[in-house]
Amino acid sequence: MIFEVVPLVLTGFAWAVFAYFIVVNGCQTALLCSATAAMRRHRQRVWEEDRVGLLGSAVTPTISALAPAYNEEANVAESVHALLMLQYPALEVVLINDGSGDSTLDVLIRTFNLYPIHPIFRNQVPSQPIRGLYRSRIHPQLLVVDKENGGKADALNAGLNCATGELVCAIDADTLIEPDALLRIVRPFLTDENVVAAGGTIRVANGSKVAHGRVLDARVSPGLLAGCQTVEYLRSFLFGRLGWNNLGGNLIISGAFGLFRRESVLEVGGYVHDTVGEDMELIADLRRQGQDRGTPSRVDFVPDPVAWTEVPESWRVLGRQRDRWHRGLTDVLCRHRGVLFNPRYRALGLVVYPYYLGVELLGPVVEALGLIAVPLGLMLGAVDVTFGALFLAVAYGWGVLLNVAVIALEELTYRRYQRWPDLLLLLFWSVVEGVGYRQLTVIWRLRGLWRYARGSKDWGVMSRKGLGTPAQV
Amino acid sequence: MLYDVLISVLLAEIGILGAGLGFIFGHAALRQVRAARLRPDMRVSMDILARVLAGSPDPPPLPRLPLDKAIEAVAAATRSVDDAGRARLAQLPAYVALTERSVRWCTSPRWPRRLKGVRLLVILGAGHTTVPLLLEDPRPEVRSAAAVWAVNHPSPQVTTRLVQMLGDEALACRLTAQDALIRMGRHAVPAIIGHLSEAVPAALATALLVASRVRDSALAGPALEHRNHSDPAVRAAVAQVLASGGGTDGVEGLEGFLADPAAAVRTAAAAGLGALGHWPSSPLLADRLGDPAWEVRRAAGLALDRLGGPGQLYLQRALHSPDRFARDMAQQVLDRAGPGRGRPTPAAFAMKRQEE
Amino acid sequence: MDNPRRILLVDDDSGIREVARTVLEMVGGYDVETAASGLEGLEKARTSPPDAIVLDVMMPGLDGPATFARLQEQPETRDVPVILLTAKTQAADRSRFASMGVAGMLPKPFDPMALCDQIAGMLDWQP
């Protein structure tokens with residue numbers, strides 16, 4: 001009797017997966033359309049806009065750049081120099097030494113001629129004890145905070161306490177910021193007072209020529225993992241985040257680079273300690289609090305490229321990263337489950353949250369079940385071979401199409417990759433990303449979900465190649 | 001049946017993929033070819049424009065360029081050009097044509113086109129009859145761009161309108177208007193005085209803040225009219241105007257504000273006294289080192305620091321104050337510039353101590 | 001150090017009196033007495049003559065030069081050195097003040113540290 005039921009179940013299952021794929025790809029296509037419209041609007045608004053004039057403006061809000069550093073003696077001086085050279089009229093650079101075991105602090109003291117100042121500041125959010133504050137004799141806008149180790153979120157909180165800017169941006173040690181990034185990413189704050197956070201496009205730096213904390217020549221990496229991630233980042237930023245701008249706003253900015261209102265961040269209690277995905281947590285908290293209290297709650301996304309990041313090129317490290325991200329996402333969605341379908345939160349609760357729950361969080365589960373059920377069904381004869389193959393081709397083919405659409409959007413707008421070999425490589429990776437790479441991330445994300453369910457919340461350590469050395473081209 | 005659906009979808013996908021790839025390659029190739037084809041013309045144009053700017057008498061005619069390239073060339077040439085250079089450029093027929101086109105765009109019913117027109121007129125430095133009207137445009141983007149244009153073309157009509165824009169409903173317009181007025185400097189003073197002298201001026205705090213950045217002593221009087229306004233933000237802004245203008249009236253007003261019930265006003269007053277370098281106010285500032293509000297204590301401390309010798313002495317004295325907050329703040333301020341800042345000693349005493 | 005030198009400071013502005021007193025006391029180690037008007041200054045100088053007098057020129061009632069003239073008349077205060085705090089607009093009067101016999105002049109707005117310097121230099125000059 002069981003042998004009659006099982007095929008039926010499997011077929012039903014296959015249909016469910018089928019429907020799910022249609023929904024997901026439909027959502028992605030909708031996002032693509034929204035993103036294209038948003039991109040067009042954005043280009044119209046910034047046509048021949050005098051950004052340089054902004055440099056001399058007296059009314060731009062002050063920005064504090066918070067950069068936590070842990071055991072970075074090799075590159076901390078270079079990173080700080082790159083930050084100090086960011087083009088912005090009123091910028092304060094706050095480097096937080098998170099109890100490094102190596103000579104990070106000594107390097108800083110020597111390079112920037114630091115002197116200690118009395119460590120009194122407004123302690124508005126809790127953090128590990130601060131051992132000292134330093135100012136620089138040669139760069140008056142640099143502030144160095146020395147504290148006991150407590151993790152990235154804790155370091156950022158210490159920075160928040162000591163910073164004086166109206167807006168803050170959290171800088172990842174692995175991220176290279178474009179010189180005019182702040183001028184671009186501050187735009188939403190100048191046009192809409194309801195904005196509480198803004199993000200920009202992060203691109204993959206692997207394969208590009210890097211020197212002195214800047215990307216000099218953008219190239220596409222010939223490495224498999226890096227290449228796929230290049231396409232993945234392009235897709236997720238250029239139409240994922242941008243698409244959400246007009247459909248209810250984003251739930252994630254990116255740990256790598258985002259600009260926030262300092263007051264609002266302090267009010268939500270800064271960066272929360274016990275969460276792995278700090279960036280997602282913060283945005284969700286900010287939006288929810290803003291909508292609860294009627295304070296700024298909009299998260300806006302600027303399509304301009306603002307930063308480059310080094311992505312993992314080893315399977316293990318990448319797997320751990322995706323695992324960690326998925327655990328973070330799960331944690332955030334669990335904590336804020338009161339938002340789901342709650343009309344009080346309007347688009348956030350009715351559109352954004354359900355999407356993240358159904359597509360981003362549960363997606364790997366459905367995909368995995370599909371990938372198991374379909375071959376199983378094939379073996380038991382419940383699913384037709386050609387049907388199964390066709391279905392997979394259509395579903396994954398659609399994903400490849402979306403990738404190609406993103407490349408087309410990139411070709412029409414920013415054109416950061418100028419050479420033909422790069423364009424061809426990009427298109428090649430688009431295919432590989434859609435058929436192969438993405439399925440792999442399913443495994444990692446599932447692992448993250450599983451580990452979250454079992455209560456695992458540590459912060460993994462990523463080994464660095466060191467961005468000071470120029471990559472092989 | 002489902003089969004057929006799937007197959008047609010698959011075929012459609014392949015078709016779209018092909019079209020997409022074709023589009024990408026085609027677009028990239030076209031772009032490259034076009035750039036190569038126009039490069040010599042662009043070089044010639046830039047050269048001619050440079051010669052015109054240098055004042056050469058009979059420049060050859062500019063080669064025909066597509067619109068976007070023409071704009072690119074002109075934008076690059078006019079990046080940092082003075083009025084005389086711009087006048088020379090304005091005589092070129094190509095320049096005149098671009099100006100006429102921009103003016104036409106400014107009257108378009110579609111706002112992206114109007115925006116383009118204004119932005120181009122900013123680059124060209126023209127449009128004196130058209131752009132001021134756009135300061136009243138229904139779209140905030142266009143109004144804001146017109147305000148940017150106004151910086152280089154101040155006139156009473158324009159400055160009055162900009163002062164009104166300080167209370168605009170769109171944030172971008174308010175910020176651009178503020179910035180424009182500050183950049184205009186003394187050209188903006190009459191309009192600001194006129195606005196401050198109204199019975200109930202709109203966006204009063206903002207107007208006063210702009211006045212404080214414009215820094216003209218004529219603004220102190222009109223600002224003082226509002227010194228007893230109920231809004232503490234307004235009073236704080238009056239303090240900032242007094243601090244930027246100076247004079248004995250200013251000092252009196254600021255010292256009065258040190259006793260204001262609102263912390264923001266006391267902070268602005270303390271900072272202002274420090275900025276004016278008025279050391280006789282040191283005792284009053286030293287009192288503020290024990291103020292209940294942290295910002296006031298900090299401002300008082302920093303002000304004393306700025307006042308040189310006398311201020312330093314009061315800070316040193318505060319290190320032994322019975323008030324813990326005053327002690328803390330004095331210590332924090334004295335630490336700011338780092339070690340090596342001992343007690344100030346006049347030269348005569350230094351020499352005398354050496355002899356002893 | 002022996003008995004601290006005594007300075008009499010005469011100025012109608014309370015802020016200046018307060019701060020200049022603090023500076024002279026803390027930096028110079030002097031004993032400072034203040035007076036808010038020319039009359040009060042004359043009285044205090046007569047009852048306990050100081051080692052030096054700082055005198056503001058622009059005061060209501062008895063102004064600086066008039067006070068100085070009276071000080072010269074009183075035997076107790078005839079030989080006390082006087083520093084005049086002059087207003088910027090009185091450049092032409094500086095030679096007049098000098099011929100009157102004042103020991104020093106300091107234009108306003110003045111740096112209290114500079115006043116301290118000048119007093120020190122003046123007092124050390126005394127035999």
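Chain letters run A, B, ... following the sequence lines, proteins first and then strands; every chain starts at 1. Keep in mind that what you see is a predicted model, and the values were worked out from it rather than measured.
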Interface moiety of A/V195 toward chain B, non-hydrogen atoms closer than 4.5 Å = neither
Six-ring centre of A/Y414, A/R43 cation under 6.0 angstrom, axis tolerance 45° | yes
Please identify each residue that fulfils side-chain hydrogen bond (donor to acceptor under 3.5 Å, both in side chains) with B/R86, with sequence neighbours left out.
-> none
Side-chain contact, heavy-atom cut-off 4.5 Å: A/F112 with A/R137?
-> no
Please tell me if the side chains of A/L160 and A/R262 come closer than 4.5 Å, counting only heavy atoms from C-beta onward.
-> yes
Ranking B/L175, B/T176, B/I7, B/V210 by heavy-atom pairs under 4.5 Å to chain A gives rank one to B/L175
Among B/R119, B/R213, B/Q178, which has the most heavy-atom pairs under 4.5 Å with chain A?
-> B/R119
Do B/R114 and B/C106 have side-chain heavy atoms sitting under 4.5 Å apart?
-> no
Per-residue contact mode, A/L190 against chain B (heavy atom under 4.5 angstrom) | both
Per-residue contact mode, A/R415 against chain B (heavy atom under 4.5 angstrom) | side chain
Max heavy-atom pair count under 4.5 Å with chain B, selected residue of A/T191, A/T60, A/V394 = A/V394
Picking from B/V9, B/L115, B/L10, which has the most non-hydrogen pairs under 4.5 angstrom with chain A?
-> B/L10
Counting only pairs under 3.5 Å, give me each side-chain donor-acceptor contact of residues 12-30 of chain B, with atom names and distances, residues two or more places apart or in other chains.
| unit_1 | atom_1 | unit_2 | atom_2 | d |
| --- | --- | --- | --- | --- |
| B/E13 | OE1 | A/W398 | N | 3.4 |
| B/H27 | ND1 | A/E411 | OE2 | 2.9 |

A/E92 and A/T164 side chains, donor-acceptor separation under 3.5 Å = yes
Honestly, the part of B/E295 sitting under 4.5 Å from a heavy atom of chain A is side chain
Go through the side-chain N and O atoms of A/N403 and A/E433 and say whether any donor and acceptor fall under 3.5 Å apart.
-> yes
Heavy-atom contact with chain A under 4.5 Å, split by part of B/I123 | side chain
Answer with side chain, backbone, both or neither: which region of B/R113 has an atom nearer than 4.5 Å to a non-hydrogen atom of chain A?
-> neither
Per-residue contact mode, A/E49 against chain B (heavy atom under 4.5 angstrom) | both
Quick one: what part of A/L423 sits under 4.5 Å from any heavy atom of chain B, side chain, backbone, both or neither?
-> side chain
